[in-house]
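Notes follow once the structure below has been shown.
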Amino acid sequence: MMKKIALCVLLMFTFAGCRSTTISPPRALVSQHATNAVELEEAVKRGVVLAGWKVEQATDRFVVAGFTHGSHYVQVTYTISNNQVISTLSNSKNLRQSDHKIHKHAIGWKKRVDRQVARQI
């Protein structure tokens, strides 16, 4: 009987609760259409908005985008250089971010906004 209880408790902790995953290195998105930094900035902002995120700050060198889901928040910074944009997860709240780990949902949200930005640039 004790073995069954111990097994149930072990399974409960294994399958319940938050899941964290490794944060990927910054991702480079190469532009096929934009010819200068201003065009890249506009394309990044368009992709951010189309993905349902908010543009929090923007210049011709970077765009900071934020996404809130309930009490969770994730921020991605797009650094603009030449004909490419580097995507970096720059901040989060309530997603248990530490060193190179974060809740798996944050990675999914970032991938979705990155795909939309890549389509626009």
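All values below were derived from every heavy atom in this structure, side-chain atoms included, with hydrogens, water molecules and symmetry-related copies excluded. No experiment lies behind these values; they were computed from the predicted model shown.
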Derivation and outcome, side-chain contact (heavy atoms from CB on, under 4.5 Å), residues V117 and R115: CA-CA 5 Å; V117 167; R115 279 194 301 265; over 6 Å; no
How long is the straight-line distance from CG of N91 back to CD of E56, given to the nearest 0.5 Å? 9.0 Å
Minimum heavy-atom separation for A43 to I121, with atom names? CB-CG2, 3.6 Å
Roughly how far apart are L95 CG and H105 NE2, rounded to 0.5 Å? 9.0 Å
I want to check something: taking the side chain as every heavy atom from C-beta on, are V44 and R46 in contact at a cut-off of under 4.5 Å? no
Side chains of Q57 and V63, heavy atoms from C-beta outward: is any pair under 4.5 Å? no
Can you pull the ring pair (Phe, Tyr, Trp, His ring centres under 6.0 Å) pairs that have at least one residue in residues 65-99, sequence neighbours excluded? W53-F67, F67-W109, H69-W109
For T77 and T88, indicate whether the former's side chain and the latter's backbone hold a donor-acceptor pair under 3.5 Å. no
Check: Q84 main-chain N/O paired with N82 side-chain donor or acceptor under 3.5 Å: no
Quick one: which of Q116, R112, K110 gives a side-chain hydrogen bond (donor to acceptor under 3.5 Å, both in side chains) with D114? K110
Ignoring hydrogens, what is the shortest heavy-atom contact between D60 and A37? Give both atom names and the distance. O-CB, 3.4 Å
Walk me through it: do S92 and I102 pass the test side-chain contact (heavy atoms from CB on, under 4.5 Å)? CA-CA 9 Å; S92 71; I102 194 165; 3.7 Å; yes
Give every residue pair that meets the ring pair (Phe, Tyr, Trp, His ring centres under 6.0 Å) criterion with at least one member in residues 27-47, sequence neighbours excluded. none
Say whether L29 and V49 are linked into one hydrophobic cluster, either directly or through other cluster members, by side-chain heavy-atom distances under 4.5 angstrom. yes
Please tell me whether I107 and V76 are part of a single hydrophobic cluster in this structure, the criterion being side-chain heavy atoms less than 4.5 Å apart. yes
Taking it one step at a time, do L40 and V85 satisfy side-chain contact (heavy atoms from CB on, under 4.5 Å)? CA-CA 8 Å; L40 273 175; V85 176; 4.0 Å; yes
If only atom types and distance count, is the side chain of T59 paired as donor or acceptor with the main-chain N or O of R61 below 3.5 Å? yes
Looking at K45 and E41, is any side-chain nitrogen of the basic one under 4.0 Å from a carboxylate oxygen of the acidic one? yes
Between N94 and S71, does any side-chain donor sit less than 3.5 Å from a side-chain acceptor? yes
